[in-house]
*Asks:* 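My structure is below; once you've seen it, I'll send some questions.
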Amino acid sequence: MKTPSQMSFKRTMLRTGLRTGLAATAIAVAMPAVAKDLTIIREIDSNHYDPPRTAALAGSEVLFMLADTVVGLAEDMKTIEPLLASSWEVSDDGLTYTFTIRDDVTFCDGKAMTAEDVAYSLNRWQDPETKSPVRWRMGDVKSITAPDATTLVYALNAPHSELLYQLAQSFGSVIDKETVEALGADFGVTGFNGTGPFCWESWTPRDQMVMTRHEDYHWGPANYENTGPAQVEKITWQVVPEAATRTVALMTGQGQVSPYVPFIGLEKLRMAPNVEVVRSDEAFWTNYIGFKIDKPMVNDPLVRQAINLAVNQEAMAEDLFFGEVEPAYSYISSGALDWNSDLDDKLLTYDPEKAAALLDEAGWTLNADGKREKGGELLQPVAYTFTGSWAQVVEAVQADLLKVGIDLQIQPFDATVYWGKAATQEFDMFTMGFPYISAGDALNLYFLSANMPSPNRMNWNDPETDKLLYEGATAVDPAVRAEDYGQVLTKVHEAAVWLPIYHKPMQIAYTTEIKPFEAHNIYGAGLYKGLQLGYVD
Amino acid sequence: MLKTVLDRLALSVPVLLGVLLFGFLLLQLVPGDPAQVMAGPTATPDVVEAIRRDMGLDRPLLVQFWAYLERVAHGDFGRSMISNKAVTEELGAAIGPTVELMLGSLLWSVPVGIAMGTLAAVTRGTWIDRGIMAISVAGVSLPIFFVSLLLIQYLGVVLRWFPFIGRPGPWYTAEGFMALFLPALSLGLILIGPVARMTRSSVLEVLSLDHVRTARAKGLSEMRVTLAHGLRNALIPVVTLIGLQAGYLLGGAVVTETIFSWPGVGRLAVGAILSSDFTVAQGAVLLFALGFITINLIVDILYSLLDPRVRK
């Protein structure tokens with residue numbers, strides 16, 4: 001039996017608990033919001049922000065806003081726009097590009113930008129000391145000079161038909177020499193000085209990149225209605241690694257824009273009253289499974305074609321990606337520059353019966369277990385893949401292939417391990433996704449024999465391809481270039497060196513307090529210069 | 001007392017050396033190539049090799065470890081292999097948010113846990129006792145990521161009471177305090193269960209002792225008997241438990257910080273490991289080890305102060 005004092009004590013404790021709970025509830029206040037500040041939610045950070053030294057998409061996203069390039073690229077991914085160069089001329093032999101550099105551009109620290117700064121930045125990109133992983137994009141450079149403050153001469157040893165497209169990439173961002181030399185290895189880590197619409201404020205790796213408006217900016221590319229200054233005063237790129245958190249952060253207005261919404265969250269966001277999703281199918285990002293074509297399991301084109309025919313990309317796009325991606329049958333998007341439209345009706349689409357027939361023709365017959373074998377050896381190609389959503393894709397491929405008797409073996413690796421593994425010769429198939437601006441961009445990267453074993457992980461070693469790629473890359477006439485690249489596209493599609501899975505569209509979610517805008521597609525950096533980002537009045 | 005502290009400190013040295021060696025070897029043996037990560041998927045092998053040479057990764061493992069030990073002995077943890085930022089700078093920026101998160105969770109969960117345990121003890125066998133024990137079991141059993149997502153869904157998304165991404169400022173600013181609330185609530189839930197259960201059993205044990213009976217016989221109020229004579233003496237094992245659990249909070253912080261995008265040491269460690277940033281990962285592992293050792297040292301000292309038998 002309890003004494004009265006014991007009962008009273010219990011009541012006191014209960015009352016205290018209740019009061020504490022009510023007090024906690026009362027603490028709730030409205031979320032802070034400053035209309036001139038904007039938070040962009042992203043999944044990952046870049047390794048650093050030194051333009052020629054990072055190939056990371058997360059790096060380009062920020063660099064496009066912090067700096068400018070010689071030329072810009074419109075949303076259609078085809079139209080070159082004047083940017084730091086107001087005009088340019090190309091010599092008849094395609095070896096010399098003479099750019100007229102604007103004389104009214106200033107860096108974030110107020111210093112005037114001249115052609116010498118442009119030459120310095122581009123020469124730094126090609127300098128072997130810089131160890132740029134994307135040096136090849138510059139072409140065979142003879143010299144880059146600035147004869148006067150407004151003239152830049154880019155001389156080549158061989159024509160580079162896509163030079164202007166490559167100069168629009170963030171790797172060629174114009175930066176201030178003095179700042180680079182003053183900061184040394186810390187350039188792009190502790191500071192930056194560019195001519196972009198935004199200026200470096202602070203960077204906490206893996207957490208936040210903060211940039212403030214470049215007040216003098218007025219030289220944005222003409223594809224923007226607003227050529228500067230930017231409409232928001234401050235942009236914070238906030239890293240939110242958790243996919244679900246990114247989705248709900250937008251719904252609650254804790255971020256205003258995100259190009260990193262998981263596929264599963266897109267429909268939910270479209271249904272949310274305060275969020276819009278802008279989509280562009282000209283993003284030119286393709287995910288594929290490649291074949292190492294000199295490995296016994298997949299060295300027969302018939303087997304590779306059969307695998308292409310046995311896999312149902314459409315079902316995968318619906319089931320794994322909630323209908324948010326475009327099933328791929330071509331190696332690059334048909335909207336990309338120099339795509340060979342003759343291939344449109346020759347692409348390998350889902351046809352398991354034809355796949356089985358091709359395997360029979362190749363000599364791989366079904367055994368009693370329903371699996372294919374030849375000379376006592378089972379058809380068991382080994383696929384290396386990333387963990388996560390890629391592993392799910394490969395499992396779906398495995399299920400489809402099993403229906404025609406192919407026993408695919410999967411070895412998933414974490415991304416930190418995968419890149420090293422993908423550079424070896426241990427596997428028959430591998431997974432990869434990549435951004436590109438044109439057929440030439442993709443083909444010169446993946447199908448040049450000089451790029452074996454990585455990034456030419458297929459070991460595609462064909463002198464005629466090398467010749468055509470060289471001719472395409474050095475063609476002065478765009479029609480010749482398209483013809484050369486068209487032939488390479490035909491060759492690699494006929495040889496079925498890849499199993500295309502899906503083309504990823506650009507999808508950017510933003511809250512309705514932000515003015516509607518068009519998504520850009522350059523290198524997967526959907527917000528490009530950020531000049532379009534502004535609050536509804 | 002001084003001898004006890006010195007003994008404990010001396011014991012910490014081999015532990016730290018072991019952590020240094022273990023952390024170094026573990027990260028080196030894990031497959032993964034920071035040079036390839038830095039170079040990106042489209043880099044050619046010669047570029048990857050040049051970056052690897054620059055990072056010193058082409059040297060023998062023993063040479064790398066000796067160089068690492070020499071640097072650490074001079075307080076130099078090197079630079080991030082990925083961002084090139086000084087590791088001490090990265091750790092220095094991350095330690096504040098982690099300490100803030102741990103203190104924030106301890107400050108509410110310890111009093112609540114002790115209050116719940118005491119209430120359960122004085123209401124032993126009633127529905128209140130059973131309810132509190134059920135809550136504490138749930139607190140121990142539910143995975144922290146699940147609890148965090150529930151808190152985000154209901155307190156962040158449905159009710160919109162609290163923000164749940166990032167740390168806009170230190171805790172003493174309005175924005176910082178609001179941002180700290182959900183991560184601290186989530187992390188503290190780990191602690192409530194063990195503290196409540198330990199407090200309950202300890203209070204029950206003490207309340208059955210002779211000196212408590214004497215206090216009741218002297219006519220003291222039940223609250224005074226419970227708080228002054230029961231709880232006070234029951235706290236010794238609870239303090240030990242809190243100390244040990246505080247160490248485990250560091251582990252919980254890794255998950256909490258990731259879900260709430262909290263820029264602490266846990267998230268730094270996860271990011272560093274995922275990007276094969278060995279130098280930062282090693283620094284974070286060392287910092288965690290130091291945290292554990294320090295907390296254990298404090299517990300040992302506190303225990304010696306509270307219970308003179310330990311000193312003997």
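So that the names make sense, note that chain A is the first sequence line, chain B the second, and so on, each numbered from 1. Not measured: the values here are computed from a predicted model.
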*Asks:* Please evaluate residues Val239(A) and Arg267(B) with respect to the criterion side-chain contact (heavy atoms from CB on, under 4.5 Å), reporting the C-alpha separation (whole Å), side-chain torsions for both, the decisive distance (0.1 Å), and the verdict.
*Replies:* CA-CA 11 Å; Val239(A) 177; Arg267(B) 208 177 125 209; 3.5 Å; yes
*Asks:* Indicate the atoms forming the closest heavy-atom contact of Thr190(A) with Lys85(B), along with that distance.
*Replies:* CG2-CE, 4.5 Å
*Asks:* Which atom pair, heavy atoms only, marks the closest approach of Ser261(B) to Asp207(A)?
*Replies:* O-OD1, 4.0 Å
*Asks:* So which of Val280(B), Thr258(B), Leu149(B) has the largest heavy-atom pair count under 4.5 angstrom toward chain A?
*Replies:* Thr258(B)
*Asks:* Between Ala174(B), Pro168(B), Ala272(B), Ala93(B), which has the largest tally of heavy atom pairs under 4.5 Å with chain A?
*Replies:* Ala272(B)
*Asks:* Determine whether Arg206(A) and Val270(B) satisfy the following criterion, side-chain contact (heavy atoms from CB on, under 4.5 Å), listing intermediate values before the conclusion.
*Replies:* CA-CA 10 Å; Arg206(A) 306 174 185 93; Val270(B) 170; over 6 Å; no
*Asks:* Could you tell me the separation between the CD atom of Glu89(B) and the CG atom of Asp186(A), rounded to the nearest 0.5 Å?
*Replies:* 7.5 Å
*Asks:* Counting only heavy atoms closer than 4.5 Å, note whether Asn451(A) contacts chain B via side chain, backbone, both or neither.
*Replies:* side chain
*Asks:* Check this for me: Leu204(B), atom CG, are more than 12 non-hydrogen atoms of other residues, nucleotides or ligands nearer than 6.0 Å?
*Replies:* yes
*Asks:* Identify which part of Ile165(B) has an atom lying under 4.5 Å from any heavy atom of chain A, answering side chain, backbone, both or neither.
*Replies:* both
*Asks:* Report which part of Ser132(A) has an atom under 4.5 Å of a heavy atom belonging to chain B: side chain, backbone, both, or neither.
*Replies:* backbone
*Asks:* Would you say the side-chain atoms of Glu90(B) pair up with the backbone N or O of Pro205(A), donor to acceptor, closer than 3.5 Å?
*Replies:* no
*Asks:* Is chain B contacted by the side chain of Ala56(A), its backbone, both, or neither, given a heavy-atom distance below 4.5 Å?
*Replies:* neither
*Asks:* Which answer fits Leu159(B), side chain, backbone, both or neither, if we ask what part of it has an atom under 4.5 Å from a heavy atom of chain A?
*Replies:* neither
*Asks:* Ile259(B) and Thr245(A): which non-hydrogen atoms are nearest, and at how many Å?
*Replies:* O-OG1, 3.3 Å
*Asks:* How many angstroms lie between CZ in Arg160(B) and CE in Met251(A), if you round to the nearest 0.5 Å?
*Replies:* 7.5 Å
*Asks:* Under 4.5 Å from any heavy atom of chain B, what part of Ile44(A) do you find: side chain, backbone, both or neither?
*Replies:* neither
